[in-house]
There are 2 protein chains.
Amino acid sequence: MRERNKLSERQRGILRFMETYLDMQGFPPTIREIGEATGINSTSVVNYNLNKLVEAGLLQRASAKSRGIRLTSTAKSLPKAVIAARTTARVPLVGQIVASAPVAVPDDVGYYYDEDDMLEVSLAMLGGFDAAEVFALRVKGDSMIDAMIGDGDIVLFRKQNYAENGDMVAVWLDERGETTLKRFYHEGDRIRLQPEHPTMKAIYVDPMHCLIQGRVLSVIRHI
Amino acid sequence: MRERNKLSERQRGILRFMETYLDMQGFPPTIREIGEATGINSTSVVNYNLNKLVEAGLLQRASAKSRGIRLTSTAKSLPKAVIAARTTARVPLVGQIVASAPVAVPDDVGYYYDEDDMLEVSLAMLGGFDAAEVFALRVKGDSMIDAMIGDGDIVLFRKQNYAENGDMVAVWLDERGETTLKRFYHEGDRIRLQPEHPTMKAIYVDPMHCLIQGRVLSVIRHI
DNA sequence: TTGACAATAGAATGAATGTTCGACTACAAT
DNA sequence: ATTGTAGTCGAACATTCATTCTATTGTCAA
């Protein structure tokens, strides 16, 4: 697209270094810093190549000013025009998953949630369900690590107290006294709960002691 | 809103001048330039107030470097009208993570993405970065399982070829011939790559054979 | 071969720039 | 009155930094 092709290896290197330095430091590098980073032993050579880049329209220089180099707009990765679309929904962030307690989901419809507890998510993450029947939980601790869900992750659920085979569900196991996230399989007169993590083994429970609280729609992790 | 109120008249003036100078010139002003613009007659006074602004968390300084001043993100006047209006962004879904190949990110400017390859995400998931510098990858297979990232997951990256300690990054290890997602730690003359999964052990690599491809912003999993 | 030119290295120069220190003022608290 | 602190000024100092000049090397065309 651009004329980066016609540039020398060193000039491309200078450009690349400029971008990362600017991004990291917030101000441009000196001629010497460019030289060290790109393996050029003489400031005059850096100066020479810098001027070449100015000729190519990729840089601008403020003469006799330290660090007086800037990337031309054509050299920056410019934001493309992005068209908006109204495709977000707000779901209640009702609390945290604690392995040793049932998930407390306000069962009532028309519940009123505080503005601060709402989570704005892309509609695609709701899997086609109405936002009113979706809620979110923040995972506390590493108890769900065998479901590849870590501390601080946010899980989106659809409220439901049943499950199809293969569904990923949050279940309260009153025999064990904990909530867990597993894949659900009805096998004869018992239920197999299969961890998401392939190296973990399944557990088997009695349907009477297995309270499904919701089906997992998505997992979101902010790093 | 912010604590600009507690700043002195001069400090506010310095901040204002910094913003316009940075915007006009593309690089930060010198201490003397700040002094002239704000009517301060002594470089030491500028230096003094600059340090006050650093204490207030509004500036960062790189000591003994010319023009080594940068605005903290909180100090920048955001184009809030634009940002607040939009709640979703579209980022390119450039492909898949394959453990045995470097991530192919179109580095060039003016790249045109197909509409079908765009992923619509909530703006909050971009961590404040411009959508133009964010890209998404779909994970294929279980190679990233020690980062708690499974088959089919979507990972959002910010394009960058460096990392701070503790960053979660995608790195290409040419000695091993694979791309991996790890937390990045610079330790002396080598780099420690720490898996996200707490039971996995770190690996150590030579900086020369460690090509950072991007920093992880978020992980999205649709069940 | 010769000449022109691009690319590079090394060193010297002078201006630009951040840092430090002593002294002074204004003001509030003790 | 005394003390302490924030803010200021001026000057000296020590580097950092861009610029410039000379010389060397390699390439390509005449």
Earlier contact from the 5' end, DNA chain D, for I40(B) and A64(B): I40(B)

Of all heavy-atom pairs between Y185(B) and Q194(B), which one has the smallest distance, and what is that distance? CE1-CB, 3.9 Å

Could you walk me through whether F27(A) and I69(B) pass the side-chain contact (heavy atoms from CB on, under 4.5 Å) test, one step at a time? CA-CA 7 Å; F27(A) 46 85; I69(B) 317 169; over 6 Å; no

If I compare all heavy atoms of V171(B) with all of C210(B), which pair ends up nearest, and what's the gap? CG1-SG, 4.0 Å

For S63(B), report the nucleic acid contact type (base, sugar-phosphate, nothing); a contact means any heavy atom under 4.0 Å. sugar-phosphate

By the 4.0 Å heavy-atom rule, please label N49(A) as base, sugar-phosphate, or nothing. sugar-phosphate

5' to 3' on DNA chain D, which nucleotides open and close the contacts with chain A (atom under 4.0 Å from a heavy atom)? dC17(D) to dC21(D)

Could you report the tightest heavy-atom contact between M148(A) and I149(B), atom names first, then the distance? SD-C, 3.9 Å

Quick one: E9(A) CD to dA7(C) P, roughly how many Å, whole number? 14 Å

Assess whether one donor atom and one acceptor atom, taken from the side chain of S42(A) and the base of dG10(C), lie less than 3.5 Å apart. yes

Expected output is a numbered-order residue list: members of residues 25-38 of chain B with a heavy atom under 4.0 Å from any atom of DNA chain D. What is it? none

Testing the basics here: between I220(A) and H222(A), what is the closest heavy-atom pair and its distance to 0.1 Å? CG2-NE2, 3.9 Å

Residue pair L156(A) / A136(A): nearest heavy atoms and the distance that separates them: CD1-CB, 3.8 Å

Check the phosphate of dA9(C) against R10(A), side-chain N and O only, distance under 4.0 Å to OP1 or OP2. Yes or no? yes

Which whole-number value in Å describes the distance from N47(B) CG to dT17(C) C1'? 11 Å

Looking at dA7(C), I'd like to know if its phosphate oxygens (OP1 or OP2) sit under 4.0 Å from a side-chain N or O belonging to K52(A). yes

